[in-house]
Amino acid sequence: MFEFCCAEQLSLVMYIAAWLRGVEALQFYIPVLGVTFSECYAATLLITTLVFSPICSLMNVYLSYQAGTLKQTKLSEQLAPGILLGLTLLLPIVWAFLSRADIMNTETRWIYWLQGIIYSNATCRLIVSQMSSTRCNRWSWMIAPFCVILPDRKSG
């Protein structure tokens with residue numbers, strides 16, 4: 001849990017510095033590393049998210065398994081939320097990069113907005129199912145359009 005607190009505190013300090021001094025305050029060069037502070041911050045966030053978060057999640061599942069406090073005892077039920085969230089992340093990204101209209105480069109903000117809506121919908125459904133101790137949905141109607149248009153990207 002310590003590494004997440006450090007990343008959150010670093011984010012808070014960066015936002016306050018940018019608010020007080022402007023974005024230019026975060027663009028100073030770190031000679032020892034050979035990168036700017038902003039690049040170092042982005043790398044820290046990525047490493048924290050992609051490395052430490054899965055490790056802590058797996059550790060929590062293992063400790064819960066050892067204590068016998070898992071809500072879902074079947075592995076398929078435990079993996080269902082991850083499958084849904086993985087699909088909600090993967091399908092729109094694949095569609096954006098493979099689109100014939102080059103939508104990733106022409107409408108980047110729209111892609112981020114769409115991705116945020118789909119992911120937050122799936123996350124809210126996951127939270128509700130966890131709080132009510134019900135089964136998590138394995139499919140979201142919001143990702144169905146991506147499954148329809150992905151095979152058609154080469155035609156026409």
Side-chain angles (χ1 to χ4, degrees), residues 1-20 23 25-98 104 108-151:
M1 194 60 108
F2 176 72
E3 64 275 345
F4 297 117
C5 295
C6 292
E8 290 171 1
Q9 290 170 353
L10 180 61
S11 296
L12 180 64
V13 168
M14 292 213 33
Y15 288 130
I16 290 173
W19 177 64
L20 290 173
V23 180
L26 305 177
Q27 296 297 327
F28 63 89
Y29 185 75
I30 303 173
V32 176
L33 300 175
V35 295
T36 64
F37 183 73
S38 297
E39 293 168 340
C40 187
Y41 173 68
T44 302
L45 283 181
L46 284 172
I47 291 169
T48 303
T49 302
L50 299 176
V51 176
F52 295 122
S53 181
I55 290 171
C56 288
S57 296
L58 290 173
M59 186 177 71
N60 287 336
V61 169
Y62 176 74
L63 292 175
S64 183
Y65 174 76
Q66 289 292 332
T69 58
L70 288 173
K71 284 188 175 186
Q72 305 293 340
T73 54
K74 294 182 185 176
L75 183 63
S76 62
E77 292 294 324
Q78 294 171 5
L79 295 178
I83 293 169
L84 177 62
L85 293 177
L87 282 175
T88 58
L89 282 174
L90 183 68
L91 288 175
I93 290 172
V94 168
W95 169 71
F97 279 110
L98 297 180
M104 191 63 190
T108 307
R109 288 182 182 174
W110 188 81
I111 292 295
Y112 288 143
W113 176 76
L114 178 68
Q115 185 75 18
I117 288 175
I118 294 172
Y119 193 77
S120 62
N121 180 278
T123 304
C124 288
R125 288 175 181 264
L126 172 63
I127 291 169
V128 168
S129 69
Q130 288 293 317
M131 291 178 69
S132 62
S133 295
T134 58
R135 288 183 66 199
C136 176
N137 292 338
R138 287 180 167 77
W139 184 254
S140 173
W141 64 269
M142 296 182 90
I143 59 174
F146 296 105
C147 292
V148 172
I149 62 175
L150 271 176

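All residue numbers refer to positions in the sequence shown, counting from 1.
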**Q** Please list, chain by chain and in numerical order, all residues satisfying side chain to side chain donor-acceptor pair (under 3.5 Å) with N60, sequence neighbours excluded.
**A**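 Residues passing side chain to side chain donor-acceptor pair (under 3.5 Å) with N60: none at all.
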**Q** Test of understanding: with side-chain contact (heavy atoms from CB on, under 4.5 Å), list the residues that count as partners of I117, not counting sequence neighbours.
**A**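 I117 satisfies side-chain contact (heavy atoms from CB on, under 4.5 Å) with W113, M142 once adjacent residues are dropped.
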**Q** Under a 3.5 Å distance rule, please check whether Q115 uses its side chain to pair with a backbone N or O of T88 as donor and acceptor.
**A**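 Yes: the side chain of Q115 pairs with the backbone of T88.
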**Q** Could you pull out all residues at least two apart from S38 that satisfy side chain to side chain donor-acceptor pair (under 3.5 Å)?
**A**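 So S38 forms a side chain to side chain donor-acceptor pair (under 3.5 Å) with Q27.
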**Q** Run the side chain to side chain donor-acceptor pair (under 3.5 Å) test against S64 and tell me which residues pass, sequence neighbours left out.
**A** T69
**Q** Under the rule for ring pair (Phe, Tyr, Trp, His ring centres under 6.0 Å), what residues qualify as partners of Y112, not counting sequence neighbours?
**A**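 Residues passing ring pair (Phe, Tyr, Trp, His ring centres under 6.0 Å) with Y112: none at all.
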**Q** Can L85 and L126 be said to form a side-chain contact (heavy atoms from CB on, under 4.5 Å), step by step?
**A** CA-CA 9 Å; L85 293 177; L126 172 63; 3.8 Å; yes
**Q** Output the distance between atom CG (L90) and atom CD1 (I83), rounded to the nearest 0.5 Å.
**A**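 Interatomic distance, L90 CG to I83 CD1, rounded to 0.5 Å: 12.5 Å.
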**Q** How far does CG of L84 sit from OH of Y119, to the nearest 0.5 angstrom?
**A**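 Rounded to the nearest 0.5 Å, the CG-OH separation comes to 9.5 Å.
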**Q** Residues in ring pair (Phe, Tyr, Trp, His ring centres under 6.0 Å) with Y62, at least two apart?
**A** none
